[in-house]
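Notes for the one structure printed next.
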Number of protein chains: 2
Amino acid sequence: MNIGEIAKRAGVSRSTVSYALTGKRPVSEATKSRIQAVIDELGYRPNASARALKEGRTRTIGLVIPPAGRRLTDMQLGFVASVVDAAARADLDVLLSPSGGEHDRSFERVVTGRRVDGVVLMEIRLEDDRVARLLQSGLPFVGIGRTGHPEDMSWVDIDYETLIAKCVHHLADLGHRHLALVNRNAELVAAGYGPGHRAQAGFDRAIAERGLHGVHVCCADDAQAGQSCLGQLLAQHPELTAIATINEAAVAGMYRALAEAGLSVPGDFSIAGVAAQHWAENLHPPLTAADVPADELGASAVELLIQRISDPDTPHRHLLVAPPISLRSTTGPVRPRV
Amino acid sequence: MNIGEIAKRAGVSRSTVSYALTGKRPVSEATKSRIQAVIDELGYRPNASARALKEGRTRTIGLVIPPAGRRLTDMQLGFVASVVDAAARADLDVLLSPSGGEHDRSFERVVTGRRVDGVVLMEIRLEDDRVARLLQSGLPFVGIGRTGHPEDMSWVDIDYETLIAKCVHHLADLGHRHLALVNRNAELVAAGYGPGHRAQAGFDRAIAERGLHGVHVCCADDAQAGQSCLGQLLAQHPELTAIATINEAAVAGMYRALAEAGLSVPGDFSIAGVAAQHWAENLHPPLTAADVPADELGASAVELLIQRISDPDTPHRHLLVAPPISLRSTTGPVRPRV
DNA sequence: TTGTAGGCGTTATCAA
DNA sequence: TTGATAACGCCTACAA
């Protein structure tokens with residue numbers, strides 16, 4: 001079923017059908033309705049590949065997510081959902097590319113085969129091959145996250161450095177003197193994962209400013225790891241009374257480790273973090289955290305991308321969000337340990 | 001950058017470049033390496049739209065997920081991840097379509113614009129417009145889930161009816177006489193969501209077979225709903241000693257409601273369910289549950305779909321899985337309530 | 001071993 | 001207001 005068939009049955013030329021469909025040229029009411037009738041009868045829809053070939057754009061954006069197999073965090077899922085949602089509202093389709101490995105065929109296909117008009121890139125490292133690849137290709141893209149050279153690209157990001165510093169100050173205000181930062185998993189941080197490094201920088205800075213004692217650990221992104229990780233931490237550093245974290249997936253496990261150690265939250269021990277709002281609220285007890293507006297960030301990324309696609313020579317734009325910390329049930333004044 | 005440019009620079013014809021790329025005709029080593037050198041230098045990749053137009057296939061599959069905005073369950077996320085993963089292994093791209101509403105533009109685009117070679121459809125209802133639409137369109141598709149007329153289509157599914165019946169029998173064997181089934185959210189079940197209805201059927205059957213007392217409730221798909229839902233249930237039916245559920249998202253809340261009511265698990269109260277293995281294991285306490293192999297199901301769906309794409313006239317195939325119940329920490333013998 | 005040419009289904013330019 | 005026709009970039013008979 002193609003446009004020629006419709007034209008034949010409606011007794012007009014193919015171009016007239018095309019114009020009746022796009023509205024880019026006036027078509028008389030009579031022929032328009034005749035064409036529409038045939039289209040409805042045969043259920044015709046323009047072939048997307050042909051249209052893309054002719055128009056030079058696909059009306060599709062790529063969304064590059066962390067490799068399949070790895071479990072996405074709740075915040076990452078929020079990004080995916082909001083990107084897909086925002087794209088759908090703009091009548092854009094989303095092509096998913098799980099990538100990040102070495103020679104990633106999926107990523108190459110998406111970037112280089114003109115399959116998409118632009119790309120939203122997630123989980124960016126300070127030095128990121130994919131960013132280099134995209135810059136070189138000239139394909140419009142927007143990062144959710146940024147590299148160490150953030151001026152070269154458009155991005156939306158969370159200001160982990162500021163937020164973790166805020167968490168430390170909040171805890172310091174409550175009298176805590178011995179804090180730990182629980183980071184994401186060690187491989188990710190070692191690979192130059194921006195939030196991991198920026199969180200550590202913010203932590204170190206605030207610790208120094210307030211004259212506190214801080215330790216830093218990486219922890220795999222799941223509850224069991226959180227439990228064993230905090231268990232060890234408490235054994236090695238019994239003086240700790242509070243934790244700041246960007247590892248939302250591990251928090252449930254940390255609660256368990258504290259319960260095991262006979263420490264109540266927030267009576268004996270405080271936790272503050274950076275997490276997706278939905279997640280922080282639904283945790284038990286609800287986590288005192290900087291509520292990351294994942295929905296807005298994804299939508300903003302799509303918005304920026306659409307703009308870059310329509311005008312690639314526009315200067316890069318950046319959006320760095322530092323939401324306020326919502327006080328919930330996991331931070332309280334320090335109570336001297338007996 | 002197109003094939004003509006490569007041909008010109010390599011001093012050969014376009015067809016020779018094409019054949020050098022596809023290998024469908026022998027090309028001398030000399031010219032082949034010359035062509036490759038030019039390709040590497042210019043970073044050329046064939047235009048996917050042109051190729052799709054010519055070949056009549058896109059090397060892309062559609063994945064229709066529940067509408068954006070709604071939170072996906074852990075099991076659904078497992079399906080998405082495994083479908084994306086399996087597709088990537090087969091060098092297929094995945095186009096995401098959040099749909100399920102009334103007139104869904106995204107769904108129509110995917111199904112009808114020849115944007116994809118086939119579709120994996122999730123969260124299917126007993127009567128499902130999208131299935132009707134796909135059948136009518138002739139586009140190959142595979143359901144994760146099935147309608148009330150399951151012979152008309154290819155699918156993979158979880159045998160909720162059998163599994164919930166098994167849960168009931170397991171609980172009955174432990175001496176429980178008063179059980180409740182906690183279903184998914186009421187709208188979904190009212191809309192004819194298959195697993196909801198089949199779970200209820202299995203529950204009713206097993207309850208009758210064992211001469212037990214059963215109640216049935218729907219519950220929104222989140223922890224807070226689980227908490228309030230079970231709270232009410234315990235108030236209205238104090239005789240209850242066990243629950244069977246397919247609502248994994250609500251389980252954490254049910255734990256809280258039981259703790260609030262002063263009931264220990266599994267000492268005073270048992271819970272058995274159907275859930276993604278990863279989820280059941282990571283819950284605290286770990287849930288006794290039929291471990292749904294979400295990864296395998298997604299991969300199987302893709303496998304079936306690839307087969308249907310390559311041979312659309314093959315008979316429909318079905319895969320109904322009923323994994324064994326893994327005994328973890330949430331079911332135990334009934335203990336008379338004082 | 002390589003080149004020529006036609007067509008996949010659209011859109012858009014040029015004529016009428 | 002409408003029609004004929006030339007691309008878009010690729011693949012693949014058919015020829016040489």
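By convention in this document, chain letters (A, B, ...) are assigned in the order of the sequence lines, proteins followed by strands, and residues within each chain are numbered from 1. Everything numeric in this text was worked out from a predicted model, so none of it was measured.
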Considering only nitrogen or oxygen atoms on both sides, find all protein atoms under 3.5 Å from nucleotides 11-14 of chain D and state each distance.
residue : atom : partner  : partner atom : Å
dC11(D) : OP1  : Arg51(B) : NE           : 2.7
dC11(D) : OP1  : Arg51(B) : NH2          : 2.8
dC11(D) : OP2  : Ser18(B) : OG           : 3.2
dT12(D) : OP1  : Lys24(B) : NZ           : 3.3
dT12(D) : OP2  : Lys24(B) : NZ           : 3.4
dA13(D) : N7   : Tyr19(B) : OH           : 3.4
dC14(D) : N4   : Arg25(B) : NH1          : 3.4

Looking only at the side chains, is there a donor atom on one of Gln36(B) and Asp40(B) sitting less than 3.5 Å from an acceptor on the other? yes
Between Val111(A) and Arg130(A), is there a side-chain heavy-atom distance shorter than 4.5 Å? no
Let me know the distance between CZ of Arg59(B) and P of dC10(D), rounded to the nearest Å. 14 Å
Base, sugar-phosphate, or nothing for Thr31(A), non-hydrogen atoms under 4.0 angstrom? sugar-phosphate
Going by distance alone, is a donor N or O of one side chain under 3.5 Å from an acceptor N or O of the other, for Ser13(B) and Thr16(B)? yes
Salt bridge Asp91(A)-Arg105(B), side-chain N to carboxylate O under 4.0 Å: yes
When you measure from the side-chain N and O atoms of Asn2(B) to the phosphate of dG9(D), is any distance below 4.0 Å, counting only OP1 and OP2? yes
Interatomic distance, Arg45(A) CZ vs dG9(C) C1' [rounded to whole Å]: 16 Å
Atom pair distance, as rounded to whole Å: CZ in Arg57(B) and P in dG9(C): 16 Å
Would you kindly say whether Thr60(B) and Arg115(A) are connected by a side-chain donor-acceptor distance under 3.5 Å? yes
For Ile35(B) and dT1(C), give me the distance from atom CD1 to atom P, rounded to whole Å. 13 Å
Output yes when Asp129(B) and Arg133(B) qualify as a salt bridge under the 4.0 Å nitrogen-oxygen rule, no when they do not. no
Between Arg146(B), His318(B), His316(B), which is the residue that forms a side-chain contact (heavy atoms from CB on, under 4.5 Å) with Glu151(B)? His318(B)
Separation of Arg34(B) atom CZ from dT1(C) atom P, in whole Å? 14 Å
Given atom CG of Leu53(B) and atom C1' of dC8(C), what is their separation to the nearest angstrom? 4 Å
Can you measure Lys8(B) atom NZ to dG3(C) atom P for me and round it to whole angstrom units? 15 Å
Nearest-Å distance, CD1 (Ile39(A)) to C1' (dT10(C))? 13 Å
Quick check: on DNA chain D, is the nucleotide nearest Ser28(A) upstream (toward 5') of the one nearest Arg114(A), or the reverse? Name the residue that is more 5'. Ser28(A)
Base, sugar-phosphate, or nothing for Gly11(A), non-hydrogen atoms under 4.0 angstrom? sugar-phosphate
